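Note sheet for the following structure.
Nothing here was measured: the structure is a model prediction, and the numbers come from that model. Lettering of chains follows the sequences in order, A, B, ..., and the numbering in each one begins at 1.
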2 protein chains.
Amino acid sequence: MRPGPRRSISQADIVDAAFELLEQKGMPAVSVRGVAASLGLTPTAMYTYFPSKNALLRAMVEQLLSTIDLAAASDADIAWRDRVHVLAGALLARLGEHSGSLVLVTSGPLDGTHALGLNEALIAGFTGEGMPHAEAARAAVAVRAYVLGAAALDAAERAGRETSADNAAPEALWSDAAAFPLTEASTDAAGDGFAWGLDRLLDGFERRAA
Amino acid sequence: MRPGPRRSISQADIVDAAFELLEQKGMPAVSVRGVAASLGLTPTAMYTYFPSKNALLRAMVEQLLSTIDLAAASDADIAWRDRVHVLAGALLARLGEHSGSLVLVTSGPLDGTHALGLNEALIAGFTGEGMPHAEAARAAVAVRAYVLGAAALDAAERAGRETSADNAAPEALWSDAAAFPLTEASTDAAGDGFAWGLDRLLDGFERRAA
DNA sequence: ACCTGAACACCGTTCAAGT
DNA sequence: ACCTGAACACCGTTCAAGT
């Protein structure tokens, strides 16, 4: 009783299986063949659900974004600045959970329902603070860019720690470590740079308004 | 006279060939086998020059960053704000030239010579404006994050335009386009959002200093 | 030291065929 | 409609062998 004309699983099941693989074996493991195998399916059966691997990846992005709580973003009892921090922090955390999320997010335009919902919440929040709509839209883009970039920097750094040998940086003859004294001196001063930078960005918006 | 014990090409030649392929056929074409073939080499010969494909990608990042002019960043005749714009703009442009640059930059920590040099120039510039070193370092990280994120958003958008059919966003039943009125209304108001956001970030730094 | 050729264990995707 | 099996044109990487 192997084959059956009845649809045995859903698109959501496939996306879940893909995340399971991503979590346990990393991005290289989420392949069409790998996901299919983890569900007891043939690779070709996958194309009944998604027209391409990229379509699967984009569905994953949507699932990823669906877990961030937009309700908190529109809670007027909390200061807008705090709400942005919660939203941005949640997004960064989600993107950072799996090392491959960044390539997921770059697999296509962020035009899924949840991606648009997040953008909508950001614009609404900024206009609620008295920003003209045109500026609020640009502020939302800036915040998205900042969060994504921070996630990218995190991902890049982690990519180096996971492998040491054959993944090394180009050597460039390398005189001594003190060739970049300012950078060198700041490696320990990192702390929570993400929140700090976000606050500067928000300060910039406020200053503009004043 | 095919084989020869003498090294026929350099690492730089390989990186150049890889960029040539990237420009002409896109990221999927820059494979170990593809680059080797474009140089008349066997795939295995590549491992004489780079220990892995990732090492090649990281060398490409360094070459990419080497083309941005750090001298302009330390020219005290120009206002610091303008210098940041030039630096950030050049970086964004380089990252945007090839659609695959973003995955390049995420292939490992940005600890190559040119990556560190860029960071050094940023920190030096901010301290030159009277910022304490700890804050200058964090400001440099924030700027890098913002630029990288803007590049990621650009790349994501372009990834959608290149293919239309099998790369589509998940449908999600889709009632009507007016479900996200704020986002909808801002699609045309984009303009040069990059410079605007960067200016807000710099405003935030200044406000902090005041 | 530099390179080749064969091989291993994979990919995404298409197509004809089964139920 | 949903699924399988075979096939096509690829991957990154390793290994033994040649010069």
Minimum heavy-atom distance [X]-[Y], with the two atoms named:
X	Y	result
Asn119(B)	Ala140(B)	OD1-CB, 3.7 Å
Leu56(B)	Val15(B)	CD2-CG2, 4.3 Å
Leu198(B)	Ala88(B)	CD2-CB, 3.7 Å

Leu39(A) CG - dT4(D) C1' separation (whole Å):
16 Å
Provide, to the nearest angstrom, the distance between the CZ atom belonging to Phe50(B) and the P atom belonging to dC2(C).
13 Å
If you check the Thr48(B) side chain, which of dC3(D), dA6(C), dC3(C) turns out closest?
dC3(C)
Would you say the side chain of Thr44(B) and the base of dG5(C) hold a donor-acceptor pair, judged only by whether the two atoms sit under 3.5 Å apart?
yes
For the pair Trp80(B) and Phe126(B), name the ring-plane relationship: parallel under 30°, tilted 30 to 60°, perpendicular over 60°.
perpendicular
In terms of relative ring orientation, are Phe205(A) and Trp196(B) parallel, tilted or perpendicular, with 30° and 60° separating the classes?
parallel
Roughly how far apart, to the nearest Å, are dA9(C) and dA9(D) at atom P?
23 Å
Nearest-Å distance once atom C1' is located in both dA17(C) and dC2(D):
13 Å
Does Glu120(B) use its side chain to pair, donor to acceptor, with the backbone of Leu182(A) at less than 3.5 Å?
yes
Determine whether a donor-acceptor pair (N or O, by modelled atom type, separation under 3.5 Å) exists between the side chain of Arg83(A) and the backbone of Ile78(A).
yes
Protein-nucleic acid N or O pairs under 3.5 Å, nucleotides 8-12 of chain C:
residue : atom : partner  : partner atom : Å
dC11(C) : OP1  : Ser31(A) : OG           : 3.2
dG12(C) : OP1  : Val32(A) : N            : 3.2
dG12(C) : OP1  : Lys53(A) : NZ           : 3.2
dG12(C) : OP2  : Val32(A) : N            : 3.0
dG12(C) : OP2  : Arg33(A) : N            : 3.4
dG12(C) : N7   : Arg33(A) : NH1          : 2.4
dG12(C) : O6   : Arg33(A) : NH1          : 2.9

CG of Leu116(A) to CD of Glu62(A): how many Å apart, nearest 0.5 Å?
7.5 Å
Taking OP1 and OP2 of dC3(D), is either one under 4.0 Å from a side-chain nitrogen or oxygen of Tyr49(A)?
yes
Expected output check: what is the dot-bracket annotation of DNA chain D, where ( ) and [ ] are pairs inside the strand (brackets for crossing ones), | is paired with another strand, and pairs are Watson-Crick or G-U under 3.5 Å?
||.|||||...|||||.||
